[in-house]
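Counting starts at 1 for both ligands and their atoms, following the listed order.
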Amino acid sequence: MLKNPALKTVHAASQRYITRQVRSYSRRALTTLAFPDLRLETTVQTTTKHGMDVIHDPLLSKGTAFSIAERERLGIRGLVPPRTQEMDKQLQRIMRNLRQSKTPLEKFVFMTALQDRNETLYYRLLIDNLEELSQIIYTPTVGEACLRFHSIYRRARGMYFSTLDRGQMAAMIHNWPHDQVDVIVVTDGSRVLGLGDLGANGMQIPIGKLSLYVAGGGIRPTSILPVVLDVGTNNEALLNDPLYLGMGHRRLEGDEYYSFVDEWVHAIHTRYPHALIQFEDFKYPHAYNLLNKYKEKYCCFNDDIQSTSAVALAGVLASLKARGKSIDTLNEERIICVGAGSAGVGVCEGIIDCMVEQGKVKTREEAYSKIWMLDQYGLLGNSLLQDNDGARSAPIGLGDRSNLDERQLSYLKKDMKDRMSLEEVVKAVKPTVILGLSGSPGVFTEGAIRAMAANVEKPCIFPLSNPTHQSECTAEQAFEWTDGRAIFASGSPFKDVEYKGKIRKVNQINNAMSFPGLGLGITVSRASRVTGKMFLETAVTIASMASEDQLKQGILFPGVGALRQVSKEVATRVCEIAHDEGLARAPMRPGTSLRNEIEESMWVPEYVPTIRIDGHI
Ligand SMILES: O=C([O-])CC(=O)C(=O)O
Ligand SMILES: [Mg+2]
């Protein structure tokens, strides 16, 4: 066992037993002068590396925090400044430097550099300042980092599978240095947030999502894998940019595209059969087609469709409570959804599933009748009733309803004119909730929101597109146009708003609230599939987290700062479901509660003594 390369030993161990106990070393070894920092019960990490290789490995490095004994053992004496600095001092220094960076993008580059040097410190900093720093390494700044990926690129992270690699993927996957991978986030960069096709620049999204898996869901940093499937890009600016780092051809489509993804999924499955695959930022309809193709065969889900849906549903359910209603009255809501892509359709399907599950609608069709969907041309309505006054109808050749698929057509309102504007639909429908998943900033117009507020006491206004500048309206607008009565939630963070002398609370409905906990539950239970029930219950769990007092103030659930607590609850529920549905492959440890098991399995960034293994101990 000691002959194994050290990291291999650590990674092959189960999620729970992250590092080995010193107990497994002989007492003789422990009494030697090389181990004065260890006691019998100390947890250690082991490595075969030595000298500069230890300092330059971000998974092993402690920067200035190596103890004298470690410096001796690892051959790094003299290679770092003499004073051993504890983590809290390092954190002070890093935070001071970070705050000196002027722009969010500079902060992003700073954080990436820290992650590349010392992952333990990076995650400690992130966990201690989640609210502030998630806005840098994740939405909204990650959007800007994707736009500039090819100019801020410094150091390799994650894996790229490109059209050059067809036929080679099953071999290539072995280039990844870790034997245990629990969570993979993969994108083809075709619809990055609300920013469109960014090709291989989309890599920052899987990296950012996985940082939240570690910081918010306690997944081990060695067990994550960010992936870009570079099938080309249709983004002209990138195609014409000589510094672009992705493939310089147009996107594969049709069979070529699907067989490319197929090869990758099979390659992944051969090396990492237990890993959870999260599909991220795939454009419509690829997102749905891939999900349908793989969800019954592999442990996978689509974040934009399913976890956005879970958090949006959680938001709507919590808003019912905030309006003094019971959460099982969802069928009484009138919901407008602006956006008919993967996120819009996904969110609405989650709401429909929940209405059906609550049993208050007789048929699925009845549930569809509670949601009015608009795309970029307006309401999905009856084109025979289309108003052809020119101003409102789309130019010839655009807005052709014949390309709507079955899923979108379920929302088509046969008794209403096609392409009605949002304001017209609001006046006709008197919605209680309005959802924005359009990627079109400003589509929640003043007229539409004022018309909504004229009919309901507490209008729920949820502009969910990301990043911030793609939001359908701002928090200030929502409160101003509703005379401060709105229950407001956005996809990207906004600050609370002072309106008429009172602070109005904003909420963030971002899938970040759900996927880390879901991934943790799947990892601990080793669930073989991700099911609809898991998402439904994730929503109900999140919706039950705000106190009565918070609900009264318009707070729907705790924010990103409380992500670890939220993840613990979500993971516990997901584990229970995995066991109930017969999908769990990890046995329950006798005598432990699921919640304890989840808690114990969450990785905590702290320095543990490092031991060099060279076969002599
Ligand atoms: O990344 C985010 O902030 C949420 C998300 O998945 C998206 O907007 O595509
Ligand atoms: Mg996404």
Side-chain angles (χ1 to χ4, degrees), residues 104 108 130-131 133-147 149 183-198 201-213 215-217 226-229 277-284 286-288 290-291 300-315 337-339 341-347 350 435-441 462-472 489-494 506-519 535 538 542 559-560 563:
F108 182 93
L130 249 181
E131 189 105 36
L133 295 183
S134 67
Q135 300 184 27
I136 302 297
I137 58 111
Y138 185 65
T139 310
T141 309
V142 73
E144 201 186 342
C146 286
L147 292 166
F149 176 75
V183 185
I184 297 164
V185 178
V186 57
T187 186
D188 69 356
S190 56
R191 159 270 185 227
V192 173
L193 307 172
L195 303 171
D197 180 352
L198 297 184
N201 282 18
M203 180 50 115
Q204 300 289 9
I205 296 290
I207 292 174
K209 295 263 171 191
L210 284 162
S211 281
L212 289 190
Y213 266 106
V227 173
V228 156
L229 302 181
I277 300 174
Q278 169 169 327
F279 289 101
E280 186 69 47
D281 291 3
F282 285 72
K283 71 176 180 185
Y284 196 90
H286 288 164
Y288 263 100
L290 295 174
L291 181 63
C300 67
F301 72 100
N302 180 295
D303 190 42
D304 306 292
I305 297 173
Q306 294 166 293
S307 29
T308 306
S309 170
V311 274
L313 176 60
C337 176
V338 184
S342 44
V345 174
V347 163
L435 304 167
L437 294 134
S438 63
S440 303
F462 295 174
L464 301 182
S465 290
N466 298 309
T468 318
H469 61 84
Q470 299 298 110
S471 190
E472 284 79 4
S490 51
S492 298
F494 277 93
V506 301
N507 297 276
Q508 193 183 356
I509 293 189
N510 187 294
N511 48 34
M513 292 310 284
S514 65
F515 64 74
L518 181 93
F535 287 105
T538 293
I542 297 173
V560 177
L563 189 52

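- With respect to K209 and D303, a salt bridge is recorded, a charged nitrogen being found less than 4.0 Å from a carboxylate O.
- Y138 and N510 form a side-chain donor-acceptor contact under 3.5 Å, judged by distance and modelled atom types alone.
- Checked against E472 for a side-chain hydrogen bond (donor to acceptor under 3.5 Å, both in side chains), the options S440, S490, S465 give a single hit: S465.
- The contact shell of ligand 1, taken as protein residues with any non-hydrogen atom closer than 4.0 angstrom, comprises Y138, T139, R191, L193, K209, E280, D281, D303, D304, N466, N510, N511.
- Taking the six-membered ring wherever Trp is involved, the centroid distance between the rings of F535 and F301 falls below 6.0 Å.
- Ion pairing between K283 and D188 fails under the 4.0 Å rule for side-chain N and carboxylate O.
- The closest approach of E280 to the Mg ion (ligand 2), by N/O/S atoms, is made by OE2.
- Side-chain atoms of Q508 and S492 include no donor-acceptor pair closer than 3.5 Å.
- Using a distance-only test at 3.5 Å, with no hydrogens or angles considered, a donor-acceptor pair links the side chain of N201 to the main chain of C146.
- Centred on the Mg ion (ligand 2), the OD1 atom of D281 and the OD1 atom of D304 lie at an angle of 90°, reported to 10°.
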